[in-house]
Amino acid sequence: MSNTQTPNTENNAHTDSSTQGSSTQDNSSQDKTYQPGNIEQPLYQHWESQGYFAPQGSGDPYSIMIPPPNVTGYLHMGHGFQESIMDALIRYQRMRGKNTLWQVGTDHAGIATQMVVERLLAEEGTDRHALGREKFIERIWEWKEHSGGHITKQLRRLGASPDWSRERFTMDDGFYKAVQEVFIRLYEDGLIYRGKRLVNWDPKLKTAVSDLEVLNKESDGHLWHFRYPLTDGSGHLVVATTRPETMLGDTAVAVHPEDERYQDLIGKTITLPIVGREIPIIADDYVDKEFGTGCVKITPAHDFNDYEMGQRHNLPMINILDDTAHLNDNVPEAYRGLERFAARKQIVADFEALELLEKIEPHKLKVPYGDRSGVVIEPYLTDQWYVKTQPLADKAIAAVEGGDIEFVPKQYENMYFAWMRDIQDWCISRQLWWGHRIPAWYDNDGKVYVGRTEEEIREKHGLADDITLRQDNDVLDTWFSSGLWTFGTLGWPEQTEMLKTFHPSSVLVTGFDIIFFWVARMIMLTLHFQKDVPFHTVYVHGLVRDSQGQKMSKSKGNVLDPIDLIDGIDLETLVKKRTSGMMVPHLREKIEKQTRKEFPDGISGYGTDALRYTFYSLASTGRDINFDVGRIEGFRNFCNKIWNAANFVLSNCENEDCGQDGSNHYELSLADRWIIGRLQHAETDVEQAFNTYRFDLASQAIQQFFWDEFCAWYLELSKPVLTGDDYTAEQKRGTRRTLVRVLETALRLAHPLMPFITEELWQKVKTLAGTSGDTIMYTEYPQADSSKIDDNAIADMEWLKEVITAVRNLRGEMKIPPGKKLPALMKNADDTATRRIEENRAFLIKLANLETLQWQEDSEEPLSAKALVGEMEVLIPMAGLIDVDAELARLQKESDKLEKEIKRLEGKLNNPKFVDKAPVEVVNKEKEKLADYQYSLKTLANQKSKIAALR
RNA sequence: GGGUGGUUAGCUCAGUUGGGAGAGCGACGGCCUUACAAGCCGUAGGUCACAGGUUCGACCCCUGUACCACCCA
């Protein structure tokens, strides 16, 4: 192996410009320790101002569409995790020469945004109704301009590199038009209809909400047993219900068709108490015989299951509530206007008075709450717009089955299929003011017209001017618009160049919790309109939790703010932050106590790179990501390590000849060849990890290479060459060359994961390493070159490491201070060992901190501490210094270990079944091991008796 | 009730076609060795949840059980 390690910068198309813009070009003032606060923001501002994040214009396209964060939102750990992953992918592909687009933007978040502004209005003593729809929407836009999109500013703190110049908002004109267009075309294709169905109704916000906005909480309720008298007077049956008030809307009682208890009741009727309505007793196998009494009251207008049953049996649907969940005019007069929970009490009391209350049992049940409003969600019968999903779902299933879209990890495909195969029509209308208004108009007869504008509709349908049309008041579900995100952001319905180039996107990075709500819908809508998939791969990551695996939530007080981890926060501010808005005093105290205990000194600022690296190290295939602050500190230390390693390299190479003149006037040492080979292995590992979305393995491979190999061994090995007098100029040049080039390459290798520190340091080493360019962002990503792997060098070096470790062990065991230089004797070396020792004396002496290194003839062996490296013995003469007991104990421990292994191996090798059936290589390997162990044991036994003789 | 994922060192987690159990953090002992004390050197610590099975051989494959988490009903 000769002059190797070329970072291939000559192939790099991006780095030819000679203009230099980095704001941190001052090579002379490297901080003594890593100070992320001093480098990150200036670098980011520089990158952004130079337009580095935009597509490069050449290379194969690679694109990622950000899952648009809520415009009212603030960055949380989940965002931090997700954005870090996207940024790593984008930076990696950008460095691999791809034409990359990271499309960024925010979501208008109908309910959340409307609520934020309504709260502001409330503070001013007014509300949206007083303001009127138009003015209210103006206020929202004003709010959005001044306070919205806070999260995109925070995204910059993470070092994210999306193309900010293309930032989109789902309510922007272009996107608005695309949403409208999609609605109209789906309507024209017969895939959108208006219908009266049960929806999740939020009686506080007075709108339909999606399943995602409903949280089912387990709570302690009751099971009330009511007697319903048979109409023919022959007795009564008993129904059990968790919601007594809905009995006012009952239109049947159901039993299981095979329930012997009730066979004679089927077909009869009961007369509903209080109401006086005669309703049938029907048979349906949905009924659970074991639950309650086996008789179920059926309220089709107020329960999803009952609704289904009502459909099957053509039952009337009686809606008993108004849109604020008060009883309406369909109930007896005495109950009208009662709030639903007051009505419950009243009904129970009245049943009791009528002696129709059989009993009350405690019962655990799931109660649906609106996650925005906090009130109990009501299944409610209303007119809404629906998307007919079945035809769309069939194609969406086929796209995944056929491999056009791939989920990573694979098992999420099952989750996707399960949901898709059981899909319901999708309610897309919302009774809000903020959102994409439904492009439908009604005439006075209630006839509906769908079109782009009122004018277009009048023209198309030949409607005279005297016919008044009014537009539908509702807006579309936010998920409807975000379903168009991949192509809507690229200019659709225009077939723009951007759309042609970057669609389908390469990968979607998202959490498994929104596979149904967003991923599935994007796939359906994109297949329909773009006749293509929205993305080829869905990388599904876990959810970030606290170190105990608890979900981070304000009420638990365990929330970590990514920005606090970057910048640091003092204890008092942190406590205030975590307890602010906490109304319940004991909760407040608990959180304060727990925070003071967990962070007695607050949180120190670890910097973005350390935070990102922590995320990557946790990004394995699991579903939960438990974020332990201890980890981030470790990675901050890793950053510091990189910083100081660079400092070492710079101080030894600046103003020196580092062999970058293109000539061959340098010579590589064993250590040089070793580290170059190890670098290739690291590059392979990292590439493999990126290809499989295993960021944890990528981060581990880089850290292991940089810290355990480059820093712990190679930098130490370079010292004797750099400072020793026995080395030629060619040798020194070779080592300096290797130092800077390996460092430069390692920085590029790590850049997608830790963008700031790598850029900062790369600017300082690039010239020394014989490369150039404006930014590390556009350098070429390191690719392994197997011709640079010198297997012999690696074998030699690994063996030498063992020798050095053996001496260090002895030193540690003998409690000899690391500073004291030791004489060492080597004995029983074969030719290879002899060569390795002789060729690398200087390395051994330096790293094992030896005074002398000599060969020992068998005859006159001095009293020594002894270790084995293969068959070679490493001796540290210890005359008079040996702690006999300690040394004997150590040797005994070693022997015990060996004996145990020998016993195991002998048993294995004496088993004819093993010897006969196992592959020869495996058997031979075991035999060799046995022989080695036996030899070692013998050597140790000798040593033991020698030491024992000292007693 | 159905489904999915998980159970490996004190903690957080790796373990790639079954062939001598790993990392980081923490613990313990020793070092301010001229890049780095945010560091260096060394040590200890695991019946791989449990019970069966397949196999010469199982953390790994199969069956069952327990517990945890999530999804659906």
Side-chain angles (χ1 to χ4, degrees), chain A residues 30 32-35 211 216 286 288 290 304-305 366 409 411-412 414-415 418-419 422 512-513 515-516 542-543 545-551 604 606 610 614 617-652 685 688-689 692 694 696-697 699-701 703-704 707-708 711-712 715-716 718-719 723 804-805 807-821 846-849 890 893 901 904-905 908-909 911-919 921-923 925-926 929-930 933:
Chain A
Q30 166 126 337
K32 201 69 184 148
T33 55
Y34 165 64
Q35 300 293 344
D211 291 349
N216 287 302
Y286 166 77
D288 180 355
E290 310 302 321
F304 287 100
N305 294 315
K366 292 257 172 101
Q411 69 259 21
Y412 287 108
N414 291 331
M415 197 191 254
W419 190 75
D422 191 32
F512 63 82
D513 51 335
I515 286 180
F516 310 143
L543 300 185
R545 297 166 175 281
D546 76 3
S547 62
Q548 308 300 308
Q550 296 287 312
K551 208 164 171 174
S604 57
Y606 298 111
T614 311
S617 75
L618 295 169
S620 61
T621 58
R623 280 187 182 184
D624 295 322
I625 291 144
N626 295 355
F627 193 95
D628 184 349
V629 177
R631 294 289 297 255
I632 193 173
E633 185 171 355
F635 292 120
R636 188 272 315 264
N637 295 352
F638 178 43
C639 290
N640 188 52
K641 192 74 181 173
I642 295 173
W643 188 263
N644 282 296
N647 193 25
F648 172 81
V649 173
L650 288 170
S651 66
N652 280 288
D685 292 346
Q688 169 78 16
T692 51
R694 286 300 301 271
D696 59 327
L697 299 181
S699 72
Q700 207 182 353
Q703 189 182 16
Q704 195 189 329
W707 198 322
D708 300 344
C711 292
L715 293 189
E716 296 304 321
S718 75
K719 287 175 185 175
T723 59
I804 291 161
T805 305
V807 176
R808 287 174 177 173
N809 283 349
L810 291 176
R811 187 191 291 275
E813 297 292 350
M814 298 289 99
K815 306 252 190 291
I816 302 165
K820 182 169 168 55
K821 290 190 191 306
K846 169 73 184 169
L847 271 81
N849 200 19
R890 182 181 75 89
K893 213 169 75 184
E901 276 301 289
R904 197 181 63 84
L905 287 169
K908 211 169 173 182
L909 287 164
N911 181 351
K913 286 184 188 162
F914 171 70
V915 181
D916 293 345
K917 295 198 180 176
E921 312 89 73
V922 174
V923 176
K925 210 172 136 196
E926 301 293 275
K929 269 193 278 182
L930 180 61
Y933 292 162

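Lettering of chains follows the sequences in order, A, B, ..., and the numbering in each one begins at 1.
When the side-chain nitrogen and oxygen atoms of A:Lys913 are compared with OP1 and OP2 of B:C56, none of them lie within a distance under 4.0 Å. Phosphate contact (OP1/OP2 of B:G57, side-chain N/O of A:Asn911, threshold under 4.0 Å): absent.
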Sugar-phosphate or base contact per nucleotide [nucleotides 24-38 of chain B; S, B, -; heavy atom under 4.0 Å]: -------S-B-BB-B
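Comparing the C1' positions of B:C41 and B:C32 gives a spacing of 14 Å, expressed to the nearest Å. Remark: the separation of the C1' atoms in B:G2 and B:G45 is 42 Å, to the nearest Å. Of the C1' atoms belonging to B:A21 and B:C62, the separation is 23 Å, rounded to the nearest Å. Nucleotides B:U34 and B:G19 are separated by 48 Å at their C1' atoms, to the nearest Å. One P atom belongs to B:G15, the other to B:U7, and the distance between them is 10 Å to the nearest Å. Taking the P atoms as reference points, B:G22 lies 29 Å from B:C31, given to the whole Å. Comparing the same atom, C1', in B:A14 and in B:U8 gives a spacing of 10 Å after rounding to whole Å. Separating the P atom of B:U54 from that of B:U47 is a span of 26 Å, rounded to the nearest Å.
You'll find the side chain of A:Gln704 stays beyond 4.5 Å of the side chain of A:Asp685, heavy atoms only. Side-chain contact between A:Asn626 and A:Leu618 is absent, with no heavy-atom pair separated by less than 4.5 Å.
Between A:Phe627 atom CZ and B:C13 atom P there is a gap of 12 Å when expressed in whole angstrom units. The NZ atom of A:Lys893 sits 12 Å away from the C1' atom of B:G45 (whole-angstrom rounding). Following rounding to the nearest Å, A:Phe914 (CZ) and B:U55 (C1') show an atom-to-atom distance of 13 Å. Nucleotide B:C40 holds its C1' atom 12 Å from the CZ atom of A:Arg811, rounded to whole Å. Distance NZ (A:Lys929) to P (B:G57): 17 Å, rounded to an integer number of Å. The nearest whole Å value for the distance from the CZ atom in A:Phe304 to the P atom in B:A73 is 10 Å. In this structure, the CD1 atom of A:Ile632 is 16 Å from the P atom of B:C13, given to the nearest Å. Counting to the nearest Å, the P atom of B:G57 and the CG atom of A:Leu909 are 15 Å from each other.
Note on A:Glu926: nothing from the nucleic acid sits closer than 4.0 angstrom, heavy atoms only. Among the protein residues, A:Asn626 comes within range of the sugar-phosphate backbone only, with heavy atoms under 4.0 Å from sugar or phosphate atoms but none that close to a base.
Between A:Trp643 and A:Tyr34, the ring-plane angle classifies as tilted under the 30° and 60° cut-offs.
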Stepwise side chain to side chain contact (heavy atoms under 4.5 Å, CB included) check, A:Leu697 with A:Gln700: CA-CA 5 Å; A:Leu697 299 181; A:Gln700 207 182 353; 4.1 Å; yes
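Taking each heavy atom of A:Thr614 and A:Arg631 in turn, the nearest pair found is CG2-CB, 3.8 Å.
The residue among A:Ser620 and A:Asn809 whose nearest nucleotide of RNA chain B lies closer to the 5′ end is A:Ser620.
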For RNA chain B, the dot-bracket pattern of Watson-Crick and G-U pairs whose distances stay under 3.5 Å, | for other-strand partners: (((((((..((((.....[..)))).(((((.......))))).....(((((..]....)))))))))))).
